[in-house]
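Only one structure is covered here, and it is reproduced in the block below.
Values below: every heavy atom of this structure, side chains too, minus hydrogens, waters and symmetry copies.
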Amino acid sequence: MPQLWLVRHAPVLAPPGICYGQLDLPVELEATARCAERLASALPRTLLHRSVLRHSTLRRCELLAQAAYALRPDFTLKSDARLRELNFGAWEGLAWATLPRAELDTWAAQLATYAPGGGERLIDMLARVGAALQEDSTMASETGSDVVWIAHAGVARCVQWLLGERAQRGNPPCSAHWPVHAPAPGAWALYPLPFSPSAAVHRPQEAHTRPAQGAAQEQTPSAPMAPPGPV
């Protein structure tokens, strides 16, 4: 059965506790190389010619995609802006601890439709991630081949939501039910393709890798929704 390999980029180089989504931060290059080696070894050796390695256009994902492709050129490499992290607008680059509590509370209460920092609404992120997921699901159904995404924690949570029963019933996302789990930096989760309305939300099965101590991590909506502290 074809699978979606959803890989999260390696840790970025940023102070702990910083809000970043589409802020194009530098990444740990050695950790990126190690992740590419692990991924190249773990991927099936019997891939079809049309197998796709799709990646976010942010450089922390692009560098990992290029490193993995150098080791596994049996993929078709595609950059895709739909796999970018949530845009936090004016919050980008600020410390979570300094953000106005009233705005964080409004985001928690209106998770689907509130644009944090005046950036991007979650429903718009879900629409773009969902379009990419549908495209690759159709391709996987036709070819029987796995798909690899190199993306972000927020994208992983969007996929979990889209595959879940509440999304299939047409319920809007809310703080109480938004997925909490995501792969650690440099790790991945596997999801079956093609997805169906009966697909359940799966807790990611992470690779045996963890972020370097003190490394910053992406901040995306989690449940319960509370002002994120330093990470």
Side-chain angles (χ1 to χ4, degrees), residues 4 6-9 16-23 56 82-92 94-134 137 149 151-185 187-193 195-206 210-211 216-231:
L4 169 63
L6 206 161
V7 186
R8 187 177 174 188
H9 61 81
I18 296 298
C19 172
Y20 67 96
Q22 294 191 13
L23 187 63
S56 162
R82 295 176 298 182
L83 302 189
R84 291 162 72 96
E85 184 57 277
L86 187 74
N87 184 348
F88 286 98
W91 292 4
E92 297 272 0
L94 301 180
W96 283 101
T98 67
L99 298 178
R101 179 57 188 259
E103 293 184 26
L104 290 169
D105 289 344
T106 301
W107 183 30
Q110 304 172 24
L111 184 65
T113 57
Y114 183 77
E120 183 179 19
R121 302 179 304 170
L122 179 58
I123 56 171
D124 296 325
M125 183 179 183
L126 282 166
R128 59 178 168 85
V129 173
L133 182 62
Q134 182 62 64
S137 180
W149 284 9
H152 310 269
V155 173
R157 294 181 180 119
C158 283
V159 168
Q160 291 178 68
W161 175 262
L162 291 165
L163 296 180
E165 294 178 357
R166 290 185 176 88
Q168 299 297 340
R169 292 197 298 264
N171 296 338
C174 63
S175 297
H177 298 128
W178 185 248
V180 176
H181 303 288
W188 55 83
L190 299 176
Y191 302 96
L193 292 176
F195 71 91
S196 67
S198 61
V201 175
H202 298 282
R203 178 170 180 169
Q205 299 299 313
E206 297 180 358
R210 290 292 183 271
Q217 298 184 34
E218 287 161 306
Q219 297 297 324
T220 50
S222 60
M225 199 68 178
V231 295

- Task: Not counting sequence neighbours, which residues clear side chain to side chain donor-acceptor pair (under 3.5 Å) with E92? List them please.
- Result: none
- Query: Do you know which two heavy atoms are closest between A108 and S175, and how far apart they sit?
  - Reply: O-OG, 2.6 Å
- Any chance you could measure L86, atom CG, to D124, atom CG, to the nearest 0.5 Å? 9.5 Å
- Item | For the student: nearest non-hydrogen atoms of V155 and L6, plus distance | O-CD1, 4.3 Å
- Query: Can you name the side chain to side chain contact (heavy atoms under 4.5 Å, CB included) partners of A167, sequence neighbours left out?
  - Reply: W161
- Which heavy atom of V129 sits nearest a heavy atom of W149, and at what distance? O-CH2, 3.9 Å
- Task: Rounded to the nearest 0.5 Å, what's the gap from CG on N87 to CZ on R121? Could you check?
- Result: 13.0 Å
- Rounded distance (nearest 0.5 Å) linking atom CG of L162 with atom OG of S137: 11.5 Å
- Candidates E85, H152, H9, R82 - the one meeting side-chain contact (heavy atoms from CB on, under 4.5 Å) with S56: H152
- Item | Distance (rounded to the nearest 0.5 Å) between I18 CD1 and L94 CG | 7.5 Å
- R8 and P185 have their tightest heavy-atom pair at NH1-CD, 3.6 Å
- Task: Kindly give the heavy-atom pair with the smallest separation between W178 and L111, and that separation in Å.
- Result: CB-CD2, 3.8 Å
- Indicate the ring-plane relationship of W91 and W96, choosing parallel, tilted or perpendicular according to the 30° and 60° boundaries. perpendicular
- Looking at side-chain heavy atoms only, is the closest gap between P116 and L99 below 4.5 Å? no
- Message: Can you list everything that forms a side chain to side chain donor-acceptor pair (under 3.5 Å) with R84? Sequence neighbours excluded, please.
- Response: Q22, T57
- Sequence neighbours left out, what passes side chain to side chain donor-acceptor pair (under 3.5 Å) with R128? Give chain and number order. E120
- Query: What's the spacing between C158 SG and L133 CG if we round to 0.5 Å?
  - Reply: 10.5 Å
- Closest non-hydrogen atom pair between Q160 and Y191, with its separation: CG-OH, 3.4 Å
- For Q110, enumerate each residue passing the side chain to side chain donor-acceptor pair (under 3.5 Å) test, keeping only those at least two apart in sequence or located in another chain. none
- Does A90 have any side chain to side chain contact (heavy atoms under 4.5 Å, CB included) partners at least two apart in sequence or in another chain, and if so, which? none
